[in-house]
Asks: 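Here you go, one structure.
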There are 2 protein chains.
Amino acid sequence: MRYSPSKENYLKTIFHLQEEEGVVTTNALARALDTSPASVTDMLKKLKTQKLLLYEKYKGFKLSLEGRKVALQIIRKHRLWEVFLVEKLRFGWEEVHEIAEELEHISSKKLVDHLDKFLDFPTTDPHGDPIPDANGKIPLIKQISLRDLPINIIAAVCNISDQSPEMLELLTHKGIGLGTKLEIKKKFSFDNSLELNIRNHQPITISENVARNVFVTHEE
Amino acid sequence: MRYSPSKENYLKTIFHLQEEEGVVTTNALARALDTSPASVTDMLKKLKTQKLLLYEKYKGFKLSLEGRKVALQIIRKHRLWEVFLVEKLRFGWEEVHEIAEELEHISSKKLVDHLDKFLDFPTTDPHGDPIPDANGKIPLIKQISLRDLPINIIAAVCNISDQSPEMLELLTHKGIGLGTKLEIKKKFSFDNSLELNIRNHQPITISENVARNVFVTHEE
DNA sequence: TTAAGTTTTTAGATTTGTCTAAATTTAAAT
DNA sequence: ATTTAAATTTAGACAAATCTAAAAACTTAA
Ligand SMILES: [Mn+2]
Ligand SMILES: [Mn+2]
Ligand SMILES: [Mn+2]
Ligand SMILES: [Mn+2]
């Protein structure tokens with residue numbers, strides 16, 4: 001089955017909100033899709049008719065098994081294209097999301113699978129988000145917030161939860177990117193700001209607010 | 001300015017028909033786009049309003065300078081993506097057209113230019129068609145039909161004008177592809193069929209109809 | 001030069017995805 | 001338990017791209 005870009009965007013966004021918030025509301029979905037609540041209701045009815053959504057009016061809604069499957073395929077495509085743009089076409093990680101929003105709707109299944117192979121089956125995208133495999137299975141990645149990293153332990157940045165251009169600009173300026181190896185040297189209890197060491201760099205300071213949005217993995 | 005996929009397809013198709021036939025008619029365009037003449041007329045009016053088309057009803061139409069510019073950008077994208085699919089993702093040249101029909105509508109200009117660079121600025125697509133540069137300039141390639149190639153002269157296949165799956169299947173079977181070096185050994189005046197030599201192959205025979213659609217370049 | 005035939009355009013509908021404004025239902029507060 | 005407020009859905013409309021059937025304009029050929 002093939003669905004319109006608009007429907008695919010709905011399914012994908014519902015999936016993300018479901019993950020983050022557990023339950024999704026009409027208003028939240030409208031906000032996320034930058035559209036009106038009335039339009040959302042219209043679309044929910046269509047998605048229900050196509051059995052992509054379980055929906056009772058006024059009672060709430062969630063993806064059906066089929067809807068979830070479609071959403072995961074879109075997410076897979078989105079993230080693979082992001083890898084392609086950064087790894088092969090040398091885009092910066094902050095510019096690729098918008099382009100991937102379009103590329104994710106290219107329909108050919110064969111294309112995605114060839115791309116996956118061409119990229120050597122990556123497991124995370126340039127923002128550290130996991131890439132579902134061809135069956136929609138998401139690799140599990142255990143990560144902690146930089147805020148909770150103990151002092152003097154070397155860790156690698158693996159995800160940035162706030163991916164706004166402002167945040168990415170700040171991180172780029174400080175020399176923090178995906179895969180950056182760093183170590184907390186000091187925590188200031190006054191404002192919970194952190195002083196970090198990055199190899200071959202001057203020590204840098206970041207606020208709690210930044211630290212909360214940077215996720216890292218470290219050896220046991 | 002950004003145009004809908006549908007409008008882009010109209011512009012591109014008008015451009016191609018203009019090249020091939022000189023003048024384009026409502027019916028021919030409807031046939032090429034697999035739609036009704038009435039729909040074509042509707043769209044022509046819209047394209048005129050947007051100054052992409054010079055159009056007087058019942059009198060005919062042709063692309064404006066701006067329309068031609070847009071068409072060439074779509075063609076550029078289409079052919080670059082085809083190169084990518086064949087060269088990088090290892091698709092067969094007969095499978096890429098359909099996928100490129102979708103990819104050509106991805107809007108990012110920067111994406112196309114990065115792709116162009118990544119592919120090392122190719123001048124022809126996998127079917128031998130020339131790729132317009134970023135300014136819409138098409139490289140000139142002088143080529144002659146295989147039908148008109150003199151005997152005993154080595155030439156390289158550079159273009160196939162009939163790109164139907166049937167034709168491509170036949171050529172693939174005979175071992176003829178883009179870049180194939182070949183030489184006519186005999187012309188049969190009875191039916192104008194040709195006997196060819198291809199390096200490391202048995203001699204093969206092709207009909208006039210096939211030869212007419214295969215274009216080659218050869219040294220002076 | 002009139003009649004036929006062909007091509008092109010208009011008229012009127014339909015589908016998809018969207019909107020605003022108004023009504024309805026559910027939830028919260030007095 | 002009402003009243004008020006918030007969330008959600010309906011009603012009615014619109015733009016884009018398409019359709020079929022019918023009308024209008026051009027072409028061709030007797
Ligand atoms: Mn999208
Ligand atoms: Mn991403
Ligand atoms: Mn297309
Ligand atoms: Mn081509």
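Just so it is clear: chains get the letters A, B, ... in the order the sequence lines come, proteins before strands, and each one is counted from 1. Predicted, not measured: the structure shown is a model, and the values here were computed from it. Worth knowing before you read on, the calculation uses all heavy atoms, side chains too, and leaves out hydrogens, waters and symmetry mates.
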Asks: I want to check one thing: is the phosphate of dT18(D), taken as OP1 and OP2, less than 4.0 Å away from some side-chain N or O of Ser6(B)?
Replies: yes

Asks: Where the side chain of Gln18(B) meets the backbone of Leu63(B), is there a donor-acceptor pair that is under 3.5 Å apart?
Replies: yes

Asks: Could you tell me the separation between the CG atom of Leu149(B) and the OG1 atom of Thr217(B), rounded to the nearest 0.5 Å?
Replies: 10.0 Å

Asks: Listed in order of residue number, which residues of residues 33-40 of chain A have a non-hydrogen atom at under 4.0 Å from DNA chain C?
Replies: Thr35(A), Ser36(A), Ala38(A), Ser39(A)

Asks: Calculate the interatomic distance between Leu44(B) atom CG and dT10(C) atom P; express it in whole Å.
Replies: 11 Å

Asks: Verify, without hydrogens or angle tests, whether Asp34(A) (side chain) and Ala30(A) (backbone) share a donor-acceptor contact under 3.5 angstrom.
Replies: no

Asks: Phe61(B) has an atom CZ; how far is it from atom P of dT9(C), in whole Å?
Replies: 8 Å

Asks: Name the residue from His105(B), Glu8(B), Glu104(B), Gln73(B) that meets the side-chain hydrogen bond (donor to acceptor under 3.5 Å, both in side chains) definition with His78(B).
Replies: Glu104(B)

Asks: Ignoring backbone atoms, establish whether Asn27(A) has a side-chain N or O less than 4.0 Å from OP1 or OP2 of dT8(D).
Replies: yes

Asks: Kindly point out which of dG17(C), dT8(C), dT9(D) is positioned nearest to the side chain of Ser4(A)?
Replies: dG17(C)

Asks: Is there a side-chain polar atom (N or O) of Thr25(B) under 4.0 Å from OP1 or OP2 of dT7(C)?
Replies: no

Asks: Between dT15(C) atom P and Asp42(B) atom CG, what is the distance in whole Å?
Replies: 17 Å

Asks: Run the ring-centre check on Tyr3(A) versus Tyr10(A) and record whether the distance is less than 6.0 Å.
Replies: no

Asks: In this structure, how many angstroms lie between the C1' atom of dT25(C) and the CD atom of Glu56(A), rounded?
Replies: 15 Å

Asks: So for Tyr58(B) and dT7(C), does any side-chain atom that can act as donor or acceptor lie under 3.5 Å from a complementary atom in the base?
Replies: no

Asks: By the 4.0 Å heavy-atom rule, please label Thr41(B) as base, sugar-phosphate, or nothing.
Replies: base

Asks: Give a yes/no answer on whether the side chain of Lys57(A) brings an N or O atom under 4.0 Å of OP1 or OP2 in dT10(D).
Replies: yes

Asks: Measure from CD on Gln50(A) to C1' on dG17(C) and round the result to the nearest Å.
Replies: 13 Å

Asks: Near DNA chain C, which residues from residues 7-24 of chain B have a heavy atom under 4.0 Å away?
Replies: none

Asks: For Leu47(A) and dT9(D), what is the distance between atoms CG and C1' respectively, to the nearest whole Å?
Replies: 16 Å

Asks: Is Lys45(A) near enough to dT10(D) that one of its side-chain N or O atoms lies under 4.0 angstrom from OP1 or OP2?
Replies: yes

Asks: Starting from the C-alpha separation in whole Å, work towards a yes-or-no answer on ring pair (Phe, Tyr, Trp, His ring centres under 6.0 Å) for Phe84(A) and Phe84(B).
Replies: CA-CA 12 Å; Phe84(A) 169 71; Phe84(B) 169 71; 5.0 Å; yes

Asks: Salt bridge between Asp116(A) and Arg76(A), side-chain N to carboxylate O under 4.0 Å?
Replies: yes

Asks: Side-chain N or O of Tyr55(B) less than 4.0 angstrom from OP1 or OP2 on dT9(C)?
Replies: yes

Asks: Looking at Glu102(B) and Lys77(B), is there a salt bridge between them, counting it only when a charged N and a carboxylate O are closer than 4.0 Å?
Replies: no

Asks: Output the rounded distance in Å from CG (Leu53(A)) to P (dT9(D)).
Replies: 11 Å

Asks: Return the value, rounded to whole Å, for the distance between atom CG of Leu29(B) and atom P of dT7(C).
Replies: 15 Å

Asks: Roughly how far apart are Glu101(A) CD and Ile106(B) CD1, rounded to 0.5 Å?
Replies: 11.0 Å

Asks: Hey, does the Lys NZ or Arg CZ of Lys88(B) hover above the aromatic six-ring of Phe118(B), less than 6.0 Å from the centre and inside 45° of the axis?
Replies: yes

